[in-house]
Amino acid sequence: TADLMFRMCTNLKKVVFPAFSNNAVSATYMFAGCSALTTVTIPSPIVLSTIKNMFAQCTSLTSINLSNVSGVTDADSAFYNCTSLTSVNISTLTAVTNAESMFGECRVLASINVSALTAVTNAKNMFKNCVKLTSINMAPFTNVVNAEGMFDSCSSLRTVSNFSMPNVTNAYKMFCACSSLTGAFNASSMTEVTNAGWMFQGDYYLTSINVSGMTKLEITDRMFSGCERLTTINQPTFSGVQNAEYMFANCRVLTGLDIS
């Protein structure tokens, strides 16, 4: 194990990743809190079982290349609060299932290639508060079950492409406060969602939202609250909803809706 190996080495600036003779090394919190770290070199292939919090709060790290890393299943908070991170190569992380808070609070990350992340099931808060992120390709995320807060407060997010998430059950705050989303949004593929509370809250430039596939909804509080330009909602019946508090609050231009 390499857990906590360099944790809180606050003056550490450069690391050439050590070679480990055995496979499936755990790297939990390995460099967490290394606030001066700017360069990490991984010169040869290595298998890591977990990178949970591996680079969390490495606030000076601007780029990282993990293309020699494989085998990772747990990437929980791997880059959490890396507030200077602009570039990351995760092209070999094809086994990751837990991506909770993986890039949470990466406030200058504007773009990322997530095509390798096809095994992810837990995407809770994955990009929360990535306020510079402008676009995301959702094609890899068809296996996601928990999307709670996945893009919460991604205020620059404008383009969400290839959206198909048929396995999500929890979409609470998924796109909450994504104030740069505009036009129409089609979430009709989300047929398993039960919790959509706050899902689009504060997305005031969206004009049309299609949630017609959400036939299992139970919680919808504040789901569309603050969508001030929303004119059209394609929705199923809401017969199973138990909590609809403030569901359409401040939808100021919405003129008609059938909620039978």
Side-chain angles (χ1 to χ4, degrees), residues 27-29 32 48-57 66 72-83 85 88 90 93-107 109 112-133 135-157 160 162-179 181 185 187 189-203 211 214 216-223 225 243:
T28 300
Y29 288 95
L48 299 178
S49 60
T50 174
I51 56 172
K52 181 177 180 180
N53 284 282
M54 185 176 181
F55 299 101
Q57 299 181 6
L66 297 186
V72 176
T73 57
D74 187 358
D76 184 352
S77 303
F79 306 98
Y80 179 77
N81 203 31
C82 288
T83 53
L85 190 66
V88 57
I90 52 171
L93 299 189
T94 56
V96 172
T97 57
N98 183 11
E100 181 171 339
S101 299
M102 187 175 181
F103 300 100
E105 307 291 341
C106 290
R107 292 178 172 267
L109 187 67
I112 184 170
N113 185 340
V114 294
S115 59
L117 299 179
T118 56
V120 172
T121 56
N122 181 13
K124 181 179 179 180
N125 297 330
M126 186 175 180
F127 299 98
K128 184 177 180 179
N129 276 323
C130 288
V131 296
K132 296 295 185 182
L133 188 68
S135 64
I136 191 75
N137 177 7
M138 298 295 290
F141 296 125
T142 56
N143 290 311
V144 170
V145 175
N146 186 1
E148 178 179 330
M150 188 174 182
F151 299 99
D152 186 5
S153 300
C154 290
S155 55
S156 297
L157 186 64
V160 179
N162 300 309
F163 189 93
S164 178
M165 303 190 78
N167 294 300
V168 172
T169 59
N170 183 6
Y172 177 72
K173 282 193 169 185
M174 184 176 182
F175 294 102
C176 179
C178 291
S179 54
L181 286 176
F185 194 101
S189 65
M190 303 181 78
T191 55
E192 298 298 315
V193 173
T194 57
N195 185 354
W198 295 70
M199 184 175 179
F200 298 102
Q201 196 276 334
D203 296 349
V211 291
M214 295 187 186
K216 300 180 180 181
L217 287 173
E218 298 174 3
I219 301 171
T220 60
D221 61 308
R222 292 176 171 82
M223 184 175 180
S225 173
N243 180 4

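All values below were derived from every heavy atom in this structure, side-chain atoms included, with hydrogens, water molecules and symmetry-related copies excluded.
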Chemist: Keeping the roles fixed (side chain from Asp76, backbone from Ser101), state whether a donor-acceptor pair exists under 3.5 Å.
Modeler: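 Pair absent, no side-chain N/O of Asp76 close to backbone of Ser101.
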Chemist: I need the minimum non-hydrogen distance between Cys106 and Phe79, along with the two atoms involved.
Modeler: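 Answer, listing the atom of Cys106 first, then Phe79: SG-O, 3.2 Å.
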Chemist: Run the numbers on Met199 and Val193 for side chain to side chain contact (heavy atoms under 4.5 Å, CB included), then give the verdict.
Modeler: CA-CA 11 Å; Met199 184 175 179; Val193 173; 5.7 Å; no
Chemist: Just by distance, do the side chain of Ser189 and the backbone of Met165 share a donor-acceptor pair under 3.5 Å?
Modeler: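 Indeed, once roles are kept as given, a pair shorter than 3.5 Å links the two residues.
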Chemist: Check the surroundings of atom NZ in Lys173: do more than 12 heavy atoms from other residues, nucleotides or ligands lie under 6.0 Å from it?
Modeler: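 Check passes, neighbour count above 12.
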Chemist: If the condition is side-chain hydrogen bond (donor to acceptor under 3.5 Å, both in side chains), which residues does Asn129 pass it with, not counting sequence neighbours?
Modeler: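 Counting only residues at least two positions away or on another chain, Asn129 forms a side-chain hydrogen bond (donor to acceptor under 3.5 Å, both in side chains) with Glu105.
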Chemist: Check side-chain hydrogen bond (donor to acceptor under 3.5 Å, both in side chains) between Ser115 and all other residues, then give those that pass, not counting sequence neighbours.
Modeler: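 Testing Ser115 for side-chain hydrogen bond (donor to acceptor under 3.5 Å, both in side chains), a comparison that skips the adjacent residues, returns Asn113.
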Chemist: Rounded to the nearest 0.5 Å, how far apart are CZ of Phe141 and CG of Leu117?
Modeler: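 One gets 5.5 Å once the value is rounded to the nearest 0.5 Å.
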Chemist: Tell me the closest heavy-atom pair linking Asn137 and Val114, and the distance in Å.
Modeler: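 Looks like O-CG2, 3.5 Å.
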Chemist: Could you list the residues that satisfy side-chain contact (heavy atoms from CB on, under 4.5 Å) with Ser156, not counting sequence neighbours?
Modeler: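 For Ser156, the residues satisfying side-chain contact (heavy atoms from CB on, under 4.5 Å) (neighbours in sequence not counted) are Thr134.
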Chemist: From the options Thr121, Asn146, Asp74, select the one residue that forms a side chain to side chain donor-acceptor pair (under 3.5 Å) with Asn98.
Modeler: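 In the set Thr121, Asn146, Asp74, the residue that makes a side chain to side chain donor-acceptor pair (under 3.5 Å) with Asn98 is Asp74.
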Chemist: Can you check whether Leu48 reaches Met54 side chain to side chain, under 4.5 Å on heavy atoms?
Modeler: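 Sidechains of Met54 and Leu48: in contact.
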Chemist: Tell me the closest heavy-atom pair linking Ala187 and Phe200, and the distance in Å.
Modeler: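 That closest heavy-atom pairing would be CB-CZ, 4.5 Å.
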Chemist: Just jot down the side-chain hydrogen bond (donor to acceptor under 3.5 Å, both in side chains) partners of Glu192, sequence neighbours excluded, or say none.
Modeler: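 Once residues adjacent in sequence are excluded, the partners of Glu192 under the side-chain hydrogen bond (donor to acceptor under 3.5 Å, both in side chains) criterion are Lys216.
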Chemist: For Phe151 versus Cys178, what's the shortest heavy-atom pair and its separation?
Modeler: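 Looking at all heavy atoms of both residues, the shortest contact is O-SG, 3.1 Å.
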Chemist: Sequence neighbours excluded, which residues qualify as side-chain contact (heavy atoms from CB on, under 4.5 Å) partners of Ala78?
Modeler: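 Only Ile51, Ala75, Met102 meet the side-chain contact (heavy atoms from CB on, under 4.5 Å) criterion with Ala78.
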Chemist: Could you list the residues that satisfy side-chain hydrogen bond (donor to acceptor under 3.5 Å, both in side chains) with Glu148, not counting sequence neighbours?
Modeler: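 side-chain hydrogen bond (donor to acceptor under 3.5 Å, both in side chains) list for Glu148, sorted by chain: Asn170.
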Chemist: So do Leu157 and Phe127 actually touch side chain to side chain, heavy atoms under 4.5 Å?
Modeler: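 Phe127 vs Leu157: side chains apart.
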Chemist: Measure across Cys176 and Asp203 and return the closest heavy-atom pair with its distance rounded to 0.1 Å.
Modeler: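 Closest pair (atom of Cys176, atom of Asp203, distance): C-OD1, 4.1 Å.
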Chemist: Quick check for you: to the nearest 0.5 Å, what is the distance between Asn243 atom CG and Arg222 atom CZ?
Modeler: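 Going from CG on Asn243 over to CZ on Arg222, the span is 9.0 Å.
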Chemist: Which heavy-atom pair separates Thr142 from Asn167 by the least distance, and what is that distance?
Modeler: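 Heavy atoms of Thr142 and Asn167 come nearest at O-ND2, 2.7 Å.
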